[in-house]
Every structure is written in structure tokens, then in C-alpha cells.
There are 2 protein chains.
Amino acid sequence: MQIAPAELEIMNVLWDQPGIGAAEIAEVLASDKNWNIRTIKTMLGRLVEKGALETEAEGRRYLYRPLVKRGDYRRKEARQFVDRMFGGRAAPLVAHLADGKGLSADDIAELEALLGDLKK
Amino acid sequence: MQIAPAELEIMNVLWDQPGIGAAEIAEVLASDKNWNIRTIKTMLGRLVEKGALETEAEGRRYLYRPLVKRGDYRRKEARQFVDRMFGGRAAPLVAHLADGKGLSADDIAELEALLGDLKK
DNA sequence: AATTATCGATTACATTCGTAATCAAAAGAG
DNA sequence: CTCTTTTGATTACGAATGTAATCGATAATT
């Protein structure tokens, strides 16, 4: 299943707060994005259609809940991205992030711990 | 500048072998993709239009050469991806790759070396 | 020289995406 | 009870994408 970038913004809100309605989503996004509530509703419709969200009627409105797990989706996308951009090799990706200052000292420490775990 | 996934396949060929023509690109891609030569030419045209490629006339045909450096493009895309999917944190991305067996033992070794360098 | 193959340029066309507007129904305001 | 607001559903519409076909010019073949 394909989730477009703008749709992902919606998913992110719902992964953080499952079970809210369109209006609440609009509120959460209002600070970052300048989206019309209609735009948000269009994307909610498409996400439901795609099977990424389920709805629960609450009175006259819907509450939305992700059907796709955030971790699963991230994993899939990460792999796809690494395949597309780096021929499937993850190390060059990290190298690029590092090179472009995409890694903070904390990130580096975190990665070291992670690698330590992986070796076991 | 925006390079679509299918276009990226073309760019990858040209990053490996700059200065070849449409027919040669088709040959290289023939093993993986099942693209009509016309499709390849369409994408070449779009890439030139976007400023991702330059052409050099050789007789009646063009030779194509990237104007964008692979490293630069990768860096930009890597950052964009991490921002979109992981809120800008690179460590979780690596964690996901690792978790999904996206990292080979070699990758892990490579990353360790990389992190060693970064700490200095 | 006539025919065919090939080249880049232009055009096509369905699908997805971003960004809404419109519409019918229902709920709330007065 | 009538008017306004709000909701989901349907429709809109241009840009980008994937996937070519057509066209006019030229090069290669016979």
C-alpha cells in the first residue's frame, strides 16, 4: 500500500493519537501545515479507501484509527528507500547522513549501542 | 530538483557510465527493467528539461551526462527521507533497517568503522 | 534512388497527488 | 421551525509520473 507524503502527515498524527476526528487532526496540524480542513478530509478519505485507516462512527462524524502499524510501514519504506537510492546497502546511507551532519552526537552514541546489540 | 523513481534508474546508469546514449542505456537496463526504448527517451527528455542531465550531440544522437552529482543527490534525498519518515532522527532509521535484516554483517562492520571515524 | 530504420521532438493518456469546492443531510442556533 | 454550520461524499482540476505512439528528418540498406 502506497502512502503519499502529504498523507503521511495525517498518518503521523493518527499514530500519535489514534481515534480522533478530522477536526482534531486539523488542529494538531494547524501549527505546521496550512491545510484547509477539506484537504485533510480528502486525504482521510483516500487513506480509508487505501485501507490505511479504519473509521468508527461517532454520531455524525468519524473517528479514524490506523490499520497499518507505524513500525511496519517505516520498515518497508526504509528498505524501499535504501534499495532505490543505495542499491540496497544501508551503510552508505548512514555515511551520507553522517557526512551531511545529519547525525548528532546523540545519534552516534545511539547507533553504537545499536550495533553493539546487533553483533550479539 | 525532483527526480522520480523511474527517472532515478536512468540516472543510476548514467552515474555509472556518463556520456552514453539512449540505446546504450536501454541495453544496460534491459536485464532488470522491461522498458520500451521510447519510455527511456521520454525520461531522458524530462531529465534534461529538469536540468539533471546535459547532452552532447554526437552525429544524429545525444550523449547524456549527469549535471547532478550522485553524492549530492543522495545526501539530499537521505535527509528528506529521514525527515519525512523519522522526524529527522537517523538512529531509528538504522534501527529499523537492522531489525528488518536490512543490514548484513559487513554493513555492521562498516558502520562501526564509520562511527569510529565520526567520533574523532 | 527508393525504402526502411532510427533519432530527437511532440503529443497522448491513464493514474496519483495536492489542494480544494460543491452537495445533500443532519445538527445546532435562535 | 427556519437559518447556519458542519459532516462525509462526490466532483474538480492542474502537475507529475509511468508508459508509450506519432511525426518529421536523417541515416542506413538494398
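Source: prediction; values computed, not measured. FYI, side chains are in, hydrogens and waters are out, and symmetry mates aren't considered; it's all heavy atoms of this structure. Here is how names work: the chains are called A, B, and so on, in the same order as the sequence lines, proteins then strands, and each is numbered from 1.
Using a 4.5 Å heavy-atom threshold, the side chains of A/Ile25 and A/Leu44 count as touching.
Going from atom CE of B/Met43 over to atom P of D/dT19 covers 7 Å, rounded to whole Å. Taking atom NZ of B/Lys50 as the reference point, atom C1' of D/dT17 lies 8 Å away to the nearest angstrom. Atom CD1 in B/Ile3 sits roughly 21 Å away from atom P in D/dA15 (whole-Å rounding). Between B/Asn36 atom CG and C/dA12 atom P there is a gap of 18 Å when expressed in whole angstrom units. If you measure from atom CZ of A/Arg38 to atom P of D/dA12, you get 16 Å, rounded to the nearest angstrom. Protein atom CG of B/Leu44 is 14 Å distant from nucleotide atom C1' of D/dT19, rounded to whole Å. Going from atom CD of B/Glu9 over to atom C1' of D/dT17 covers 14 Å, rounded to whole Å. Rounded to an integer number of Å, the gap from CD1 of A/Ile37 to P of C/dG18 is 17 Å.
Under a hydrophobic-cluster definition in which Ile, Leu, Val, Met, Phe, Trp and Tyr are linked whenever side-chain heavy atoms come within less than 4.5 Å, directly or via other members, B/Val68 and B/Ile20 are assigned to the same cluster. Under a hydrophobic clustering in which Ile, Leu, Val, Met, Phe, Trp and Tyr are joined whenever their side-chain heavy atoms come within less than 4.5 Å, directly or via other members, B/Leu63 and B/Val48 fall into different clusters.
In this model, the phosphate group of D/dG18 is not approached by any side-chain N or O of B/Trp35 to a distance below 4.0 Å at OP1 or OP2. OP1 or OP2 of C/dC7 lies within a sub-4.0 Å distance of a side-chain N or O belonging to B/Lys41. Contact check, A/Tyr62 against D/dA9: a side-chain N or O comes under 4.0 Å of OP1 or OP2.
The number of heavy-atom neighbours closer than 6.0 Å to CG of B/Asp32, taken from other residues, nucleotides and ligands shown, is above 12.
Using a 4.0 Å heavy-atom distance criterion, B/Arg61 is classed as a sugar-phosphate-only contact. Note on B/Lys33: nothing from the nucleic acid sits closer than 4.0 angstrom, heavy atoms only.
Ring orientation note: the planes of A/Phe86 and A/Phe81 are nearly perpendicular, at an angle over 60° on the 30°/60° scale.
Of all nucleotides listed (C/dG18, D/dT19, D/dT17), D/dT17 comes nearest to the side chain of B/Glu7.
For B/Thr42 against D/dA20, a side-chain N or O and a base N or O form a donor-acceptor pair under 3.5 Å. Checked by distance alone, A/Arg60 brings no side-chain donor or acceptor within 3.5 Å of a matching partner on the base of D/dT5. With hydrogens and angles ignored, a donor-acceptor pair under 3.5 angstrom links the side chain of A/Arg46 to the base of C/dG18.
Taking for each of A/Ala23 and B/Gln2 the nucleotide of DNA chain D with the nearest heavy atom, the 5'-most of the two is the partner of A/Ala23.
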